[in-house]
Amino acid sequence: MNKDPGDEQAMSLEFSLESLNFIRAGEASSELKQRLNKLGFRPELVRRAAIAAYEAEMNVIIHAEKGTMKVEITPARLLVLVEDEGPGISNIEQAMQEGFSTASEAIRELGFGAGMGLPNIKRCADDLEIQSTPGRGTRLKITINNEQR
Ligand SMILES: Nc1ncnc2c1ncn2[C@@H]1O[C@H](COP(=O)(O)OP(=O)(O)O)[C@@H](O)[C@H]1O
Ligand SMILES: [Mg+2]
């Protein structure tokens with residue numbers, strides 16, 4: 001729990017994410033969801049944050065090597081930062097297309113790889129920034145504002 005000076009209600013969370021660990025898959029986003037519910041955020045905002053965080057978490061588990069999810073929570077907005085070490089995304093525009101996926105057959109058999117993750121994150125976020133260096137890794141910054149949309 002970090003406190004910014006002048007912002008008594010600021011809070012931050014951090015989770016580590018591990019490639020292909022399907023036992024722990026979804027834990028980070030599900031804990032985030034519980035925390036946001038306990039903090040009293042509106043169900044609609046909690047739902048959007050949980051979906052965006054889940055898709056970003058699964059992308060690290062499925063497509064990268066390892067990573068972290070850091071969440072900064074203030075009454076005004078949620079900031080979800082997901083950084084990984086992995087192959088990166090060479091063509092972000094293509095990766096953002098609905099249905100585009102490079103997931104293997106084995107991953108698809110587990111029910112993943114529909115190619116809807118990044119488009120869903122975009123839909124749930126008020127702002128989405130993606131930075132990626134092929135061969136190094138990817139960084140997603142997801143902003144969700146706490147206001148009626
Ligand atoms: N963290 C990541 N690291 C490397 N590639 C990624 C990452 N996230 C997404 N991608 C690439 O973008 C594509 C589309 O992602 P997404 O829309 O979540 O669909 P899916 O995960 O079902 O393949 C992935 O198939 C993959 O090629
Ligand atoms: Mg995905």
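What you see below is based on every heavy atom in this structure, not just the backbone, and it leaves out hydrogens, waters and symmetry mates. Each ligand, and each atom within it, is numbered from 1 in the order the structure gives. Just so we're clear, the structure is a prediction, and the values are computed from it rather than from any experiment.
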- Task: Any atoms of ligand 1 less than 4.0 Å from a non-hydrogen atom of P119? List them with their elements.
- Result: 17 (O)

- Query: Counting only heavy atoms, which portion of I89 has something under 4.0 Å from ligand 1: side chain, backbone, both, or neither?
  - Reply: side chain

- Message: Is the shortest side-chain heavy-atom distance between I107 and L20 below 4.5 Å?
- Response: yes

- How many angstroms lie between atom CG of D126 and atom CG of N145, to the nearest 0.5 angstrom? 4.0 Å

- Option set A64, G88, G86, criterion heavy-atom distance to atom 4 (C) of ligand 1, minimum: G88

- Query: Can you find a non-hydrogen atom of F100 under 4.0 Å from ligand 1?
  - Reply: yes

- Note on the structure: Nearest non-hydrogen protein atom to atom 9 (C) of ligand 1, with distance, is N59 ND2, 3.6 Å

- Item | Flag if over 12 foreign heavy atoms under 6.0 Å of CD, E93 | no

- Query: How long is the span from the CD1 atom in I62 to the OG atom in S104, to the nearest 0.5 Å?
  - Reply: 9.0 Å

- With heavy atoms only and a cut-off of under 4.0 Å, state how L140 meets ligand 1: side chain, backbone, both or neither. neither

- Are any non-hydrogen side-chain atoms of L45 and I144 less than 4.5 angstrom apart? yes

- Task: Under 4.0 Å from a heavy atom of G113: give me the atoms of ligand 1 that qualify, with their elements.
- Result: 22 (O)

- Message: Is it the case that over 12 heavy atoms from other parts of the model lie below 6.0 angstrom from the CZ atom of R136?
- Response: no

- What protein heavy atom sits nearest atom 21 (O) of ligand 1, and how far off is it? H63 NE2, 2.8 Å

- Atom indices of ligand 1 within 4.0 angstrom of G115 heavy atoms, with elements: 17 (O), 19 (O), 20 (P), 22 (O)

- Query: Considering only protein heavy atoms, which is closest to atom 27 (O) of ligand 1, and at what distance to one decimal place?
  - Reply: T102 OG1, 2.5 Å

- Message: Could you check whether any side-chain heavy atom of L17 comes within less than 4.5 Å of a side-chain heavy atom of V82, counting everything from C-beta outward?
- Response: yes

- Query: Where is the nearest protein heavy atom to atom 1 (N) of ligand 1: which residue, which atom, and how far?
  - Reply: D84 OD2, 2.8 Å

- State the atoms of ligand 1, each with its element, that fall below the 4.0 Å cut-off from a heavy-atom position in L118. 9 (C), 12 (O), 15 (O), 16 (P), 17 (O), 18 (O)

- Does ligand 1 have any atom sitting under 4.0 Å from a heavy atom of T138? yes

- Query: Does any N or O atom in A114 lie less than 3.5 angstrom from one in ligand 1, N or O only?
  - Reply: yes

- Numbered atoms of ligand 1 (with element) below 4.0 Å of S101, judged on heavy atoms: 20 (P), 22 (O), 23 (O), 25 (O)

- Report the C-alpha separation of R42 and N146 in whole Å, then their side-chain angles, then the decisive distance to 0.1 Å, and conclude whether the side chain to side chain contact (heavy atoms under 4.5 Å, CB included) test is met. CA-CA 8 Å; R42 286 178 296 112; N146 186 20; 3.5 Å; yes

- Item | N120 side, atom CG; I51 side, atom CD1 - distance, nearest 0.5 Å | 6.5 Å

- What do we get for A95 next to ligand 1 when only non-hydrogen atoms under 4.0 Å count, side chain, backbone, both or neither? both

- Has N59 got an N/O/S atom less than 2.8 Å from the Mg ion (ligand 2)? yes

- Query: Which one of Q97, E98, E55, M96 satisfies the side chain to side chain contact (heavy atoms under 4.5 Å, CB included) criterion with L118?
  - Reply: M96

- Message: A side-chain contact here means heavy atoms from C-beta on lying under 4.5 Å apart; do M58 and F22 qualify?
- Response: yes

